[in-house]
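Structure first, commentary second.
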Amino acid sequence: MKEFIERFQRAFQAYQREDFAAALEALEAAEEKYNFEDATEGGVGLEDLNILKGTCLLMLDRFEDARTSFEKALKINPYSAEACLGLGKLFYYDGLLEQSKTMFEWAVKNDPNNPAAAQNLAEINRKLEKPASHSALDEMEDVEERRAYREPIDEAYELFEKRDYRSALEYLEVAESDFMERLASVSNFKGFNYLGLQEVELAEKAFTRAEGLNPKSSQANAGLGEVAYIKGDDAEAKRRFVEALKINPQNEFAKAGMQKIGESGEDAGGADAEVTLGKLIQEAYEDFGEKRHEAALKKLEEAETLVIEKNLGDDSLVSVKNFKGFNRLGLRDLEAAKEEFENALELNPDSSQACSGMGEVYYLMNFDNRAKKMYEWAVKNNPENKFAVEGLRKVNREMNLPEDHNSLDTARQG
């Protein structure tokens, strides 16, 4: 028998004897001997190891270590009912009943036949004075949202059956990312509650955990910025608030944080900042023209930081984000480009450049219907946008439509 399987079984036997310390020791030894082929042959793997490890740690009241193990299991399998169940118990011990209920709901949804999941959900519902089987997930009215969440794993299964493993992994990355973002939002929520209780160290741990789960979390950066501000580290607070606003320009908490930093002595320096911004944009255009997209992005990062720090206005921020998006397109980093254009549209829904950028992203992703719609809005918002006009022409050709066809014009005529 292979060593990993043998040691895992030894750990499980110790767990059944309630010798949790011995079980953990055996699990550590098993992890050192992990081999994918051996584990597959034995029917257990790192997901099972981390769930058992988290359960043992939970029984020993080592809650933070248990949380780490359950989160590792979820990274391996975002649909693990047992990992959701473990995290639900941890939230319950922290007194976060709503968050605990959410995790129990996911546990039941991922495995409707899991008696422990159903029992824990019924118990938390009783405390919250709800029907035993109540689940907010069942009340989701947005069918598209539900489909979007389930679609990646369904696609992955189909691709796996076709032995297209690389494509399956791409869909699984989407599913994993979605679940990690959900977990990160819960940790951020905990952090802000801890801030409300003035428990700064616990808040910092929660925000740091959220950032680990989702490195692009605007709220985690904003929370860590507030922690730094409370500790008197204005430089770190400023850096964090700026990063939060780069990720989400509409983050009100981060905006308020920047105002606090300004009130503590920051000089606005508006005129000098405008001159510096113009210089950075000009240099970035030169790099863009020579297809030096990485160099352009470095200058645009500086420009974005300057706009946020000196409060140079949403129009400037929209322009920088759009320019960053087109450089991301030049690097064929479609997801990053999409994020930049989406952020620009949050600030200005009528931005023709952002709409045309989104159109190009969708076109390159082979989503012709979505691409056409975004190009149409780009042309509507600015009929002189040559990139948008040409984009609409090319997608119309792909769809065997007249080159100047625009459904928005058709809708107005109707």
Residues 324-334 side chain polar contacts: donor-acceptor under 3.5 Å, at least two apart:
{"from": "K324", "atom 1": "NZ", "to": "E301", "atom 2": "OE2", "distance (Å)": "3.0"}
{"from": "K324", "atom 1": "NZ", "to": "E304", "atom 2": "OE1", "distance (Å)": "2.6"}
{"from": "K324", "atom 1": "NZ", "to": "E340", "atom 2": "OE2", "distance (Å)": "3.1"}
{"from": "N327", "atom 1": "OD1", "to": "H293", "atom 2": "ND1", "distance (Å)": "3.1"}
{"from": "N327", "atom 1": "ND2", "to": "F323", "atom 2": "O", "distance (Å)": "3.0"}
{"from": "R332", "atom 1": "NH1", "to": "L329", "atom 2": "O", "distance (Å)": "3.2"}
{"from": "D333", "atom 1": "OD1", "to": "A336", "atom 2": "N", "distance (Å)": "3.4"}

Is it true that a side-chain atom of [X] and a backbone atom of [Y] form a donor plus acceptor pair closer than 3.5 Å?
X    : Y    : answer
N343 : I247 : yes
D111 : N113 : yes
E376 : S407 : yes
S352 : A378 : yes
S356 : Q353 : yes
D233 : Y229 : no

Which atom pair, heavy atoms only, marks the closest approach of [X] to [Y]?
X    : Y    : result
V361 : A337 : CG2-CB, 4.0 Å
L408 : K373 : CD2-NZ, 4.5 Å
Y92  : L97  : CD1-CD2, 3.7 Å
A244 : A254 : CB-CB, 3.8 Å
L306 : L277 : CD2-N, 3.6 Å
A132 : N125 : O-ND2, 2.9 Å

Less than 4.5 Å apart, any side-chain heavy atom of [X] and any of [Y]?
X    : Y    : answer
K255 : F241 : no
Q9   : F12  : no
E201 : K231 : yes
N381 : C355 : yes
N385 : V379 : no
V242 : E309 : yes
M103 : C84  : yes

Would you kindly say whether [X] and [Y] are connected by a side-chain donor-acceptor distance under 3.5 Å?
X    : Y    : answer
E360 : Y375 : yes
N322 : S351 : yes
K372 : N396 : yes
N114 : E82  : yes
S80  : N110 : no

How about [X]: does its [atom1] atom have over 12 heavy atoms from other parts shown lying under 6.0 Å from it?
X    : atom1 : value
F91  : CZ    : yes
E64  : CD    : yes
Q119 : CD    : no
E294 : CD    : no
F63  : CZ    : yes

(request) Check whether NZ of the Lys or CZ of the Arg R67 lies under 6.0 Å from the centre of the six-membered ring of F70 and within 45 degrees of that ring's axis. (result)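 Ring-cation test returns no.
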
Should the pair [X]-[Y] be classified as a salt bridge under the 4.0 Å nitrogen-to-oxygen rule?
X    : Y    : result
E346 : K321 : no
E302 : K298 : no
K338 : E335 : no
R393 : E398 : no
K101 : E105 : yes

(request) Please step through side chain to side chain contact (heavy atoms under 4.5 Å, CB included) for the pair K72 and E47, ending with a clear verdict. (result) CA-CA 8 Å; K72 283 182 179 179; E47 177 194 347; over 6 Å; no

(request) Walk me through it: do N214 and N188 pass the test side chain to side chain contact (heavy atoms under 4.5 Å, CB included)? (result) CA-CA 10 Å; N214 178 17; N188 281 327; over 6 Å; no

(request) Assess whether salt bridge (Lys or Arg N to Asp or Glu O under 4.0 Å) is satisfied between R292 and E286, documenting all intermediate values. (result) CA-CA 8 Å; R292 298 191 296 264; E286 292 173 6; 5.7 Å; no

Measure the [atom1]-[atom2] distance between [X] and [Y] for me, rounded to the nearest 0.5 Å.
X    : Y    : atom1 : atom2 : result
K238 : T305 : NZ    : OG1   : 9.5 Å
D314 : N348 : CG    : CG    : 8.5 Å
L195 : K190 : CG    : NZ    : 13.0 Å
K394 : L392 : NZ    : CG    : 11.0 Å
N221 : E226 : CG    : CD    : 13.5 Å
L347 : D350 : CG    : CG    : 12.5 Å

(request) Evaluate the side chain to side chain contact (heavy atoms under 4.5 Å, CB included) criterion for residues L317 and L245: first the C-alpha distance (whole Å), next the side-chain angles of each, then the deciding distance (0.1 Å), finally the verdict. (result) CA-CA 10 Å; L317 192 54; L245 289 167; over 6 Å; no

(message) In terms of relative ring orientation, are F207 and F192 parallel, tilted or perpendicular, with 30° and 60° separating the classes?
(response)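 Plane angle over 60°, so perpendicular.
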
(request) Please assess N369 against M399 for the test side chain to side chain contact (heavy atoms under 4.5 Å, CB included), listing each intermediate value before the final yes or no. (result) CA-CA 9 Å; N369 285 324; M399 301 175 71; 2.9 Å; yes

(message) Could you work out, with salt bridge (Lys or Arg N to Asp or Glu O under 4.0 Å) as the rule, every residue matching K130, not counting sequence neighbours?
(response) none

Please list every donor-acceptor pair under 3.5 Å in which a side-chain atom of residues 49-57 meets a protein atom from a residue at least two apart or in another chain.
{"from": "N50", "atom 1": "ND2", "to": "L46", "atom 2": "O", "distance (Å)": "3.0"}
{"from": "K53", "atom 1": "NZ", "to": "E28", "atom 2": "OE2", "distance (Å)": "2.9"}
{"from": "T55", "atom 1": "OG1", "to": "I51", "atom 2": "O", "distance (Å)": "2.8"}

(message) Let's go through K299 and D287 carefully: what are the C-alpha distance in whole Å and the side-chain angles of both, what is the deciding distance for salt bridge (Lys or Arg N to Asp or Glu O under 4.0 Å) to 0.1 Å, and is it a yes or a no?
(response) CA-CA 9 Å; K299 295 179 177 67; D287 287 329; 2.8 Å; yes

